[in-house]
Amino acid sequence: MDERSSEIALIHKAQALNLKKEHRRQSFWVALMWLFGLITVSILILVVGYVLLKGGTAINWEFLTTPPKGGLSGEGGISTTIGTTFYLVGLTLLIATPLGVGAAMFLIEYAGEQSLGSKFLRSMISIANFAVETLAGIPSIIYGLFGYALFVSTLKFGFSLLSAALAGACLVLPTIIRTTEEALLAVPDDYRRGSLALGATKWQTLYRVVLPASTPGIITGIILSVGRVISETAIFYVTLGGSYRMPTSIMDSGRTLALHLYYLAMDTRAFDKAMGTGAVLVVMIILINLLIDFVSRKLTAGVRRVR
Amino acid sequence: MNDTKLETINYSLYYGKFRALKDISIKIPKNKVTALIGPSGCGKSTFLRSFNRMNDLIPGVHTEGSVLIDGEDIFKVDPVALRQNVGMVFQKPNPFPKSIFENIAYGPRVTGLKDHHKLEEIVERSLRSAALWDEVKDNLGKSGLDLSGGQQQRMCIARALAVEPTVILMDEPAASLDPIATLKIEDLIHELSANYTIVIVTHNMQQAGRVADFTAFFYTDESRTGQLVEFDETKKIFTSPRDRRTEDYITGRFG
Ligand SMILES: Nc1ncnc2c1ncn2[C@@H]1O[C@H](COP(=O)(O)OP(=O)(O)OP(=O)(O)O)[C@@H](O)[C@H]1O
Ligand SMILES: [Mg+2]
């Protein structure tokens, strides 16, 4: 009895000693993580701050509302490039969203059940899933080359909003498919079972219960894609061309903000204008990220509330 | 004698190679409450899901024998139509992330009803039958998820009633509820049995004794295959069971 209790006392002592050591170890690693965190944040702030400070001086109402003059001077504003950016974003998403959401719905909700019987279908589906994973990691210029070969030359759409939007849709499809897939997988099967048990068809179940419940995730994917289209250059360099005029139809060439920035930096000496354009771009990206944050937070809460 | 509403004849069910139910023959009477009792894993939930073909959704399931509703083979009925006729309440309340109103109106809506007045009528009637109306009538726009567990379960019952089924299947509907909410559900089951055929799975012997007109005792041995040991009026099962295993189970000697 006594032996046992002295043994326990020894164990407790050893534990106390060890705990002290573990506390020191923890403090070290936490301090290190703080340091890394601070470095990362400082770099980000430095880059963004530099662009905003430098570019901020170039930004005024006139800069935002007049079109670029073109040529090598880099004179003029950025109004048409803002317009083109919006057009391209809209057109790209108009193409990519239904395709991506539909594909994800098929892969998650239908493919599994239809592949049960057929080895061939099953392997097709795993290939499709693998393709989506891989395509998400391919550099955008590859999509650009593909878009150039297919849309610009073979289909003769030329350098145009249409070519660029089609290529851009290929670029963002994996993102939309994956975020939608994740959103669908996150919908509890209880909802599906509950709906089917009430005598709803599978489509009604999807349309009325599963899709609304996964809307926040789907919207997050769409907003991520918006950010992607706004910030890419290479892919649009080879599909959209570089006209600084306002496109009047989807067959017209144009320049997004990012593309304009590229032209200014490479072909002109208008460094201040380039910085100004960069600042506008950065502000847009920041706004989009705030929007993602807002949407995923508010809408996720919204699903818990009404509809 | 009672009319038979649901019937199985030599019914067996397999999950892949595993036989979960073996040769079950039972006649479940119309507009009565029938309880399915038995130890965990003996196939009660599986058997319950056979009546609305929810087992169809599980990959690898196949069956032998027949299941009849009103004398008709359920595998010849369109499963969607069957489920409109045979409602189900799950063990865990599973409201949709929609308002209370939309939760109840869901069934009627998917069956094609659009008229808002009619929907309002149905929502009220269903909530009243589920003894929930007074608690939620001023808050029909509130999310179903914001109700308490017991209220959610009664809402799910109302949701099932709104489709006008003739059969209601309940899988341990009170398992996640406190004693007061449980009593409310039991009263409700009792009332509903006048117009509906109710089949309820329960682990609670007192509950079976309180709500069920008939009780079926399922059992499984080492093979883990579920069998029907005894089916009779609840009174008889509880006072003079014919099978030794039934007696042991209800007196708490195992299970
Ligand atoms: N989806 C499934 N796939 C494979 N086997 C299953 C599946 N569902 C249930 N089973 C098996 O079938 C048997 C019966 O399960 P079931 O859920 O019907 O039992 P139960 O009587 O409802 O048990 P409990 O009282 O614990 O709910 C068990 O051995 C279980 O492991
Ligand atoms: Mg069960």
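Numbered from 1 within each chain, the chains take letters A, B, ... in sequence-line order. For clarity, every value in this text was computed on a predicted model and none was experimentally measured.
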Is it true that, when you exclude B:Phe75 itself, more than 12 heavy atoms of the residues, nucleotides or ligands shown sit nearer than 6.0 Å to its CZ? yes

Side chain, backbone, both or neither of B:Arg109 within contact of chain A (heavy atoms, under 4.5 Å): both

Looking only at heavy atoms, what is the nearest atom pair of A:Tyr191 and B:Phe96, with distance? O-CE2, 3.4 Å

Does atom NE2 (B:His62) have a neighbourhood of more than 12 heavy atoms from anything else shown, all under 6.0 Å? yes

What is the minimum heavy-atom distance between B:Asn52 and A:Ala197, and which atoms define it? ND2-CB, 4.4 Å

Do B:Asn94 side-chain atoms and A:Asp190 backbone N/O form a donor-acceptor pair below 3.5 Å? yes

Taking side chain as everything from C-beta outward and backbone as N, CA, C, O, which of these in B:Pro95 sits under 4.5 Å from a heavy atom of chain A? Side chain, backbone, both or neither. backbone

Between B:Ala160 and A:Leu198 the two heavy atoms that sit nearest each other are CA-CD2, 3.8 Å

Side chain / backbone / both / neither for B:Arg159 at chain A, heavy atoms under 4.5 Å: both

Please state whether the side chain, the backbone, both or neither of B:Val163 comes within less than 4.5 Å of a heavy atom of chain A. side chain

Interatomic distance, OH@B:Tyr106 vs OG1@A:Thr205, rounded to 0.5 Å, equals 4.5 Å

For B:Phe90 and A:Gly194, the nearest pair of non-hydrogen atoms, with its separation, is CE1-CA, 4.0 Å

Side chain from CB out, backbone as N, CA, C, O: work out which of these in B:Val89 comes under 4.5 Å of a heavy atom of chain A, or both, or neither. neither

Taking atom NE2 of B:His190 as the centre, does the number of heavy atoms from other residues, nucleotides or ligands within less than 6.0 Å exceed 12? no

Members of residues 118-135 of chain B whose heavy atoms come closer than 4.5 Å to chain A: none

With a 6.0 Å cut-off (strictly less than), is the heavy-atom count around CZ of A:Phe86, excluding the residue itself, greater than 12? no

Please check if atom NZ in A:Lys202 has more than 12 non-hydrogen atoms from other residues, nucleotides or ligands closer than 6.0 Å. yes

By a 4.5 Å heavy-atom criterion (distance strictly below it), what part of A:Arg193 contacts chain B: side chain, backbone, both, or neither? both

